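Have a look at the structure below, then the notes.
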Amino acid sequence: MARPRQHAPEALHAHVMDACDAWLRQHPVHTLSLRALAREVGCAPSTLLKLYGSFSNLLQHVNVESLARLREVIEPLLTDAEPERRLKALARAYWQFARQDPHRWQLLFDYPLAQEGELDQRQNEMIEGLFLRVEATLKEYQPALDDLEAWRLSRTLWGSVHGLVQLGLNERLGRWQGEPLEVGDLLDQLLSTILAGLRRAPDAP
């Protein structure tokens, strides 16, 4: 039997992330195992355990990559000067990200996020960075929002957008006159409805 190839930690990590990416483009994460992944990258399973500590930690590194990809998709959309268009573009981008890479997207929610250490810090910083962009846009749209209101509304919006995206991926949104509902149109309607309510200051009579 051929001996496993040896890799420097950085090179091995890159190989592992590439192998996970290739796998998740075709299969859900529950079909991936540490042994299968080790075979793909040409090393022993114990080598991956030594590098990552556990299979769960390995998958958290995949989640960090997913969050980075989502940020790359979102960043160019933040240049739109009109906050309503910007928010709708962000929601549609989230839908496109999930639709184009559903197994990677689902991994973000199938496994709990890291709870401690450097991985936890990196994930939290990336997630909070995404929320801060939404919060800033909401406060730009309605300057009367205070920090807490913007913080809460950004989470409410994300939860609503996420729910539509999840239902859209699972084809659970139903049909209208025989045709499936367009998730992008529903996202636009959701944002239009919520933002219409923000046109008046929250403390207006």
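Keep in mind that what you see is a predicted model, and the values were worked out from it rather than measured. Worth knowing before you read on, the calculation uses all heavy atoms, side chains too, and leaves out hydrogens, waters and symmetry mates.
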Problem set entry | Polar side-chain atom of Arg85 near backbone of Pro83 as donor-acceptor pair, under 3.5 Å | no
Problem set entry | Reported CZ-to-CG distance for the pair Arg39 and Leu34, which is rounded to 0.5 angstrom | 11.0 Å
For this session: Fit a plane to each ring of Trp23 and His27, take the angle between them on a 0 to 90° scale, and name the class: parallel (under 30°), tilted (30 to 60°) or perpendicular (over 60°).
Result: tilted
For this session: Determine, stepwise, if the pair Glu65 / Arg104 fulfils side-chain contact (heavy atoms from CB on, under 4.5 Å).
Result: CA-CA 10 Å; Glu65 276 208 350; Arg104 176 179 281 273; 3.8 Å; yes
Exercise. Nearest 0.5 Å, what's the CG-OG distance between Leu51 and Ser46?
Worked result: 11.5 Å
For this session: Kindly indicate whether the side chain of Phe97, heavy atoms from C-beta on, has any atom under 4.5 Å from the side chain of Ile74.
Result: no
For this session: Please say whether more than 12 non-hydrogen atoms of neighbouring residues, nucleotides or ligands are located less than 6.0 Å from CZ in Arg155.
Result: yes
Exercise. Taking Arg86 as the fixed residue, which of Thr137, Thr79, Asp80 is the one that meets the side-chain hydrogen bond (donor to acceptor under 3.5 Å, both in side chains) rule?
Worked result: Thr137
Exercise. side-chain hydrogen bond (donor to acceptor under 3.5 Å, both in side chains) with Glu75: which residues, sequence neighbours excluded?
Worked result: Arg133
For this session: Return yes if some donor-acceptor pair links the side-chain N/O of Glu149 with the main-chain N/O of Asp146 below 3.5 Å, else return no.
Result: yes
For this session: Measure across Ser54 and Leu49 and return the closest heavy-atom pair with its distance rounded to 0.1 Å.
Result: CA-CD2, 3.9 Å
Problem set entry | Non-hydrogen atoms of Val161 and Leu191 that approach each other most closely | CG2-CD2, 4.3 Å
Exercise. Do Thr47 side-chain atoms and Cys43 backbone N/O form a donor-acceptor pair below 3.5 Å?
Worked result: no
Seminar exercise, completed: Distance col, row Ser66:OG vs Gln123:CD, nearest 0.5 angstrom, shows 10.0 Å
Exercise. How long is the span from the CG atom in Leu153 to the CG atom in Leu148, to the nearest 0.5 Å?
Worked result: 11.0 Å
Exercise. Under 4.5 Å between any side-chain heavy atoms of Leu37 and Leu58, yes or no?
Worked result: yes
Exercise. Which pair of heavy atoms, one from Ser154 and one from Leu138, lies closest together, and at what distance?
Worked result: N-CD1, 3.8 Å
For this session: Go through the steps for Leu169 and Trp95 under the test side-chain contact (heavy atoms from CB on, under 4.5 Å), then give the verdict.
Result: CA-CA 9 Å; Leu169 287 178; Trp95 162 236; 3.8 Å; yes
For this session: Check for a donor-acceptor pair, side chain of Tyr141 on one end and backbone N or O of Leu195 on the other, with a separation under 3.5 Å.
Result: yes
For this session: Decide ring pair (Phe, Tyr, Trp, His ring centres under 6.0 Å) for His13 and His61; before the verdict, give the C-alpha distance in whole Å, the side-chain angles of both, and the deciding distance to 0.1 Å.
Result: CA-CA 9 Å; His13 176 68; His61 282 275; 5.3 Å; yes
Exercise. Quick one: does Lys88's side chain get under 4.5 Å of Leu187's, heavy atoms only?
Worked result: no
Exercise. If every non-hydrogen atom of Arg92 is compared with every non-hydrogen atom of Asp185, which pair is closest and at what distance?
Worked result: NH2-OD1, 3.4 Å
For this session: Kindly indicate whether the side chain of Leu132, heavy atoms from C-beta on, has any atom under 4.5 Å from the side chain of Glu135.
Result: yes
Exercise. What is the distance from atom OG of Ser160 to atom CG of Leu186, rounded to the nearest 0.5 Å?
Worked result: 12.5 Å
Exercise. What class does the angle between the rings of Trp105 and Tyr94 fall in, given that below 30° is parallel, 30 to 60° is tilted and above 60° is perpendicular?
Worked result: perpendicular
For this session: Starting from the C-alpha separation in whole Å, work towards a yes-or-no answer on salt bridge (Lys or Arg N to Asp or Glu O under 4.0 Å) for Asp147 and Lys139.
Result: CA-CA 8 Å; Asp147 291 344; Lys139 291 171 75 172; 2.3 Å; yes
Exercise. Would Leu181 and Arg175 satisfy side-chain contact (heavy atoms from CB on, under 4.5 Å), going step by step from the backbone distance to the final call?
Worked result: CA-CA 6 Å; Leu181 295 173; Arg175 292 173 174 266; over 6 Å; no
For this session: Indicate yes or no: at least one non-hydrogen side-chain atom of Leu48 is less than 4.5 angstrom from one of Leu12.
Result: yes
For this session: Find out whether Arg71 and Leu67 are in side-chain contact, i.e. whether some heavy atom of one side chain is under 4.5 Å from a heavy atom of the other.
Result: no
Exercise. With a 4.5 Å limit on heavy-atom distance, are the side chains of Leu59 and Asp110 in contact?
Worked result: no
Exercise. When rounded to the nearest 0.5 angstrom, what distance separates CG in Leu70 from CG in Asp101?
Worked result: 11.0 Å
Exercise. Would you call Arg69-Asp21 a salt bridge at under 4.0 Å N-O?
Worked result: yes
For this session: Consider only side-chain heavy atoms of I, L, V, M, F, W and Y, link residues closer than 4.5 Å, and tell whether Leu108 and Met126 are in one cluster.
Result: yes
Problem set entry | Any Ile194 side-chain heavy atom under 4.5 Å of Thr156 side chain | no
Problem set entry | Gln142 side-chain N/O to Ala144 backbone N/O, donor-acceptor pair under 3.5 Å | yes
For this session: Mind listing the closest non-hydrogen atom pair of His15 and Val41 along with its distance?
Result: O-CG1, 3.6 Å
For this session: Begin from the C-alpha positions of Ser192 and Glu84 and carry the test side-chain contact (heavy atoms from CB on, under 4.5 Å) through to its verdict.
Result: CA-CA 8 Å; Ser192 293; Glu84 181 168 353; 3.8 Å; yes
For this session: Examine Leu145 and Phe131 and state if one hydrophobic cluster contains both, with Ile, Leu, Val, Met, Phe, Trp and Tyr joined whenever side-chain heavy atoms are less than 4.5 Å apart.
Result: yes
For this session: Determine the minimum heavy-atom distance between Pro45 and Ala38, stating which atoms define it.
Result: N-CB, 3.7 Å
Exercise. For Gln189, does the CD atom sit with more than 12 other heavy atoms under 6.0 Å from it, leaving out its own atoms?
Worked result: no
